[in-house]
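Working notes, beginning with the structure itself.
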Amino acid sequence: MVRTLDTEDLAERVRRVYRTVATNPSAEFHFETGRALAERLGYPAAELAAIPAGAVDSFAGVGYFLDLAALRPGETVVDLGSGSGMDSFLAARQVGSGGRVIGVDMTDDQLTKARRLATEAGIGNVWFQTGRIERLPLEDAVADVMISNGVINLSPSKPTVFAEAARVLRPGGRLALADIVTERPLPAEVTGNAALWAACIGGAAQASDYLIAITQAGFEVEEVRENRQYRFRSTSALNATARWGVKSVSMLARRPSRGATMR
């Protein structure tokens with residue numbers, strides 16, 4: 001019998017996993033965490049050394065995309081699913097004291113850790129807010145750039161996430177992200193399994209459908225690249241990678257400026 005996904009059960013399972021990522025990042029997960037992963041994915045070692053080590057320890061992203069984001073001094077950045085804050089802290093360095101970064105996450109332990117690290121390091125241009133990426137606690141058109149790392153695959157309503165991103169971004173704003181997608185559609189017994197969703201597998205959309213959801217939200221996709229350096233750890237996750245082509249990609253999309261004509 002095919003299971004129907006219980007979205008509240010899914011949310012709690014995701015919180016449980018990422019609560020442990022925040023409090024015990026050396027625990028065993030389906031995925032890797034920490035500095036070695038970040039450096040292998042392309043994060044510059046010198047930049048990682050310049051931000052709180054605790055945020056790097058709890059990094060559980062799936063790719064590097066800040067080069068695609070091309071952040072500029074003074075910009076406002078929103079980090080969807082900011083976790084313990086590694087990408088937010090790196091973005092804060094790039095936008096400088098005249099810019100700001102707003103991290104949004106639904107896991108209290110991640111938010112508590114990120115806020116503590118920001119306070120201890122005296123990072124004054126980053127804020128962390130409680131919220132769901134499907135219902136951002138932000139006004140319309142307040143951000144220049146939106147970033148996200150390995151989080152949107154966890155949402156049961158990706159079109160809603162991209163619609164929210166379009167709402168919060170200013171015209172001409174950029175969406176730079178890394179996420180898990182598949183080459184082939186996942187079977188119902190996988191997509192209906194909340195445990196596999198929390199492992200970043202069950203919620204992975206087929207790459208073509210993922211891109212369609214972005215464009216239907218009003219974005220123009222400018223670049224997509226595969227992150228071949230990313231790999232899962234558990235046997236079940238590795239089997240899924242082989243069977244359904246589960247993989248990591250980074251991409252850049254842009255909300256057209258006012259008056260621009262969509263192709």
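Every heavy atom of this structure was used, including side-chain atoms; hydrogens, water molecules and symmetry mates were not.
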Strictly by salt bridge (Lys or Arg N to Asp or Glu O under 4.0 Å), give each pair with a member in residues 83-96 just once, sequence neighbours left out. E47-R93
Around R243, counting heavy atoms of other residues, nucleotides and ligands shown, do more than 12 lie under 6.0 Å from its CZ? no
Beyond-backbone contact of [X] with [Y], side-chain heavy atoms, under 4.5 angstrom:
X	Y	value
M251	Y210	yes
S58	T33	no
D144	R170	yes
F219	L211	no
R35	L48	yes

Under the rule for side-chain contact (heavy atoms from CB on, under 4.5 Å), what residues qualify as partners of E12, not counting sequence neighbours? R15, R16, R19
Can R254 and E220 be counted as an ion pair, charged N to O under 4.0 angstrom? no
Exercise: do S155 and E134 side chains pair donor with acceptor under 3.5 Å: yes
D109 and T23: side chain donor to acceptor below 3.5 Å: no
Closest non-hydrogen atom pair between A91 and V77, with its separation: CB-CG1, 4.4 Å
When every non-hydrogen atom of M146 is compared with those of L169, the smallest separation belongs to N-CD2, 3.7 Å
Distance-only donor-acceptor hits, side chain of residues 115-125, under 3.5 Å, sequence neighbours excluded:
from : atom 1 : to   : atom 2 : distance (Å)
R115 : NE     : F128 : O      : 3.1
R115 : NH2    : F128 : O      : 2.8
R116 : NH1    : E120 : OE1    : 3.3
R116 : NH1    : E120 : OE2    : 3.4
T119 : OG1    : R115 : O      : 3.0
N125 : ND2    : A92  : O      : 3.0
N125 : ND2    : G96  : O      : 2.9

Is there a donor-acceptor pair closer than 3.5 Å between any side-chain N or O of D57 and the backbone N or O of P25? no
Which one of F59, F89, F65 satisfies the ring pair (Phe, Tyr, Trp, His ring centres under 6.0 Å) criterion with Y43? F59
